[in-house]
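Take a look at the structure set out below.
Computed from a predicted structure; not experimentally measured. One-based numbering along the sequence shown.
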Amino acid sequence: MKKKNNTQKLKTYLSALSLLLLAAIELLYHLKIPFQRDDLWYATNLVTGAPVSGFADILQSQLWHYFNWGGRSITHTILQTVIWLGEPFAAVCNVAVTVLLAFVMSKTATSDRDQKVTSSDFISVFAGAFALIFAMISDLFLTLGWESGCVNYVYSTLWILTFLLVYLRSIQYPDAAPLKGCAFWMVPLGLITGWSNENMGPAAFCISALILLYRRRICRKPIPVWMYLGSATSLLGSILMIVAPGNFVRNQFTENQSFWRSVLVRLSSLLRGACDYLLPSVLIFLLLAIMNYLLLRKLPGLTELFLTGMAMLAFGALFLSPTFPSRTAFGIMILLQTVNLSLIVRSCKACGKMRPYFTVAYTALWIYDIFICLMSALWYGGIQ
């Protein structure tokens with residue numbers, strides 16, 4: 001028993017150490033990459049062209065942006081604020097958001113009632129989530145290193161997944177008391193979730209509505225006010241983002257194509273994006289799902305089903321976009337990796353003998369992450 005406890009402690013210490021080391025290397029990576037490209041534009045008052053000197057400039061810029069270039073007002077307000085506060089602040093903030101995202105991924109992956117883990121095991125899941133973010137990211141620079149990409153996709157994915165976690169908790173523990181002050185803070189959380197980006201925001205609203213329906217029809221539980229508020233504000237945020245006049249102004253700069261040519265181009269873009277950016281995540285998901293069913297006779301849980309459904313909705317919504325940039329795959333990848341984490345936890349709980357195999361896989365991922373982040377930090381300062 002004593003030997004087992006010592007082994008458990010050693011595993012916990014190594015997991016915590018690997019997480020801290022990878023976070024430190026990520027900080028070095030961000031510090032080595034200066035603001036560039038769109039960052040330099042957002043560092044100015046978009047109306048006057050002068051450098052941002054205060055929050056009033058940011059508000060003026062985003063009002064202009066909403067009517068002249070795009071609808072992501074909340075995300076770009078955060079982006080301009082982070083850039084205004086400087087590169088060192090942005091670097092620290094980026095690392096903090098990435099660590100928080102890994103934490104929320106871990107909480108979500110262990111949110112099913114039969115997925116409870118000890119605090120020691122949770123640290124291992126946490127470290128594994130952090131490693132998966134870097135191992136499966138399709139474009140390290142444009143998604144994480146470039147400040148505009150990081151805030152638009154990494155930051156927004158954090159509050160989207162947090163929003164979903166609160167909803168998933170309501171059906172995993174339908175009799176539990178709501179989180180303190182939920183009816184108040186779900187309003188801004190729902191709004192920034194819907195008003196995030198064009199595929200993930202509306203998909204999050206759809207899943208929240210399905211969870212609301214599940215609680216009512218399957219759990220046979222009343223729907224609390226906060227659930228209505230969260231879904232309603234996420235819908236409102238999605239509408240405000242999509243109908244922004246700036247989107248229509250921006251679309252004037254895209255090439256006009258015939259209807260059928262446009263359909264073919266968008267289908268081709270989706271297929272290429274799926275193969276180039278999401279294939280590893282999908283293959284791991286299929287492998288784990290088949291293994292859970294054939295070897296362990298375990299069916300997917302509610303968390304896995306709802307997150308997979310949202311990933312499919314968010315992916316399908318990209319058909320409405322004329323292009324599929326690599327960074328737009330980040331949120332979908334995080335949803336799939338959260339499902340993969342959940343399947344791994346399910347496998348380990350069902351068959352303890354499988355733990356060493358996942359430990360070896362995690363160690364390989366961690367070494368790979370250290371390599372790509374360290375090499376990028378030392379020899380790659382971003383595309384000027």
Side-chain angles (χ1 to χ4, degrees), residues 101-102 104-117 121-122 124-138 157 160-161 164-165 167-169 171-172 199-200 203-204 206-207 210-211 214 218 270-271 273-318 329-366 368:
L101 177 57
V104 176
M105 287 174 66
S106 307
K107 293 292 288 186
T108 307
T110 56
S111 63
D112 277 10
R113 282 175 292 184
D114 60 346
Q115 297 279 76
K116 287 184 178 180
V117 295
D121 285 337
F122 179 79
S124 298
V125 177
F126 186 8
F130 198 52
L132 282 170
I133 290 174
F134 292 92
M136 297 298 163
I137 200 167
S138 58
T157 304
I160 289 170
L161 197 57
L164 292 175
L165 176 58
Y167 271 81
L168 289 168
R169 179 182 180 273
I171 55 174
Q172 290 295 340
N199 66 317
M200 291 287 286
C206 291
I207 294 301
L210 286 176
I211 291 175
Y214 182 93
I218 307 299
L270 276 183
L271 180 61
C275 294
D276 290 352
Y277 312 138
L278 295 170
L279 188 59
S281 298
V282 172
L283 290 178
I284 293 172
F285 164 71
L286 292 175
L287 177 64
L288 289 171
I290 293 170
M291 182 184 69
N292 268 264
Y293 181 72
L294 294 181
L295 301 181
L296 306 174
R297 298 300 175 186
K298 292 287 183 180
L299 293 172
L302 286 175
T303 294
E304 294 146 8
L305 289 173
F306 278 114
L307 292 183
T308 303
M310 179 170 167
M312 294 173 66
L313 282 173
F315 176 75
L318 287 170
F330 181 79
I332 302 170
M333 181 274 289
I334 290 297
L335 293 173
L336 291 173
Q337 292 308 326
T338 304
V339 173
N340 292 340
L341 273 176
S342 182
L343 291 170
I344 290 171
V345 172
R346 195 178 296 278
S347 301
C348 291
K349 289 181 74 67
C351 182
K353 293 181 180 179
M354 298 185 70
R355 286 182 177 230
Y357 299 103
F358 289 120
T359 301
V360 171
Y362 160 66
T363 304
L365 281 180
W366 182 77
Y368 171 74

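Screening Val345, Thr303, Leu168 for a side-chain contact (heavy atoms from CB on, under 4.5 Å) involving Asp112 leaves a single residue, Thr303. With Met310 as reference, Ile160 is the one residue of Ile332, Leu305, Ile160 to meet the side-chain contact (heavy atoms from CB on, under 4.5 Å) rule.
Side chains of Leu313 and Asn199 form no contact here, defined as non-hydrogen atoms less than 4.5 Å apart. Under the 4.5 Å side-chain criterion, counting only non-hydrogen atoms from C-beta, Phe306 is in contact with Leu210. By the 4.5 Å heavy-atom criterion applied to side chains, Leu336 and Met136 are not counted as neighbours. Here the side chains of Leu283 and Leu287 are not in contact, with every heavy-atom distance at 4.5 Å or above.
In this structure, the side chain of Ser106 engages the main chain of Ala102 through a donor-acceptor pair within 3.5 Å.
The side-chain hydrogen bond (donor to acceptor under 3.5 Å, both in side chains) test applied to Thr110 returns no partner, not counting sequence neighbours. By the side-chain hydrogen bond (donor to acceptor under 3.5 Å, both in side chains) test, Thr108 pairs with no residue at all, sequence neighbours left out.
Between Gln172 and Ser111, the shortest heavy-atom distance links the atoms CG-O, 3.5 Å. Nearest heavy-atom pair across Thr157 and Gly331 is OG1-CA, 3.7 Å. Ser281 and Gln337 get closest at one heavy-atom pair: OG-NE2, 2.7 Å. The shortest non-hydrogen separation linking Ile211 to Tyr167 is CG2-O, 3.5 Å. The heavy-atom pair separating Leu278 from Met333 by the smallest distance is CD2-N, 3.9 Å. Of all heavy-atom pairs between Asn340 and Phe285, the closest is OD1-CA, 3.0 Å.
One finds the CG atom of Leu161 at 5.0 Å from the OG1 atom of Thr338 (value rounded to the nearest 0.5 Å). We find the CZ-CG distance between Phe315 and Leu270 to be 4.5 Å, quoted to the nearest 0.5 Å. Of the inter-residue distances, the one linking Leu302 atom CG with Ile218 atom CD1 reads 9.5 Å to the nearest 0.5 angstrom. For the atom pair OG1 (Thr308) and CG (Leu343), the distance works out to 7.5 Å, reported to the nearest 0.5 Å. Taken from CG in Leu307 to CG in Leu341, the straight-line distance is 11.0 Å, to the nearest 0.5 Å.
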**Study point:** Test side chain to side chain donor-acceptor pair (under 3.5 Å) applied to Asn292 and Ser347, step by step
**Key:** CA-CA 6 Å; Asn292 268 264; Ser347 301; 2.9 Å; yes

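For Phe130 and Phe134, the ring centers are positioned less than 6.0 Å apart.
Residue pairs that meet the salt bridge (charged side-chain N to carboxylate O under 4.0 Å, His left out) test with at least one member in residues 304-318, sequence neighbours left out, are Glu304-Arg346.
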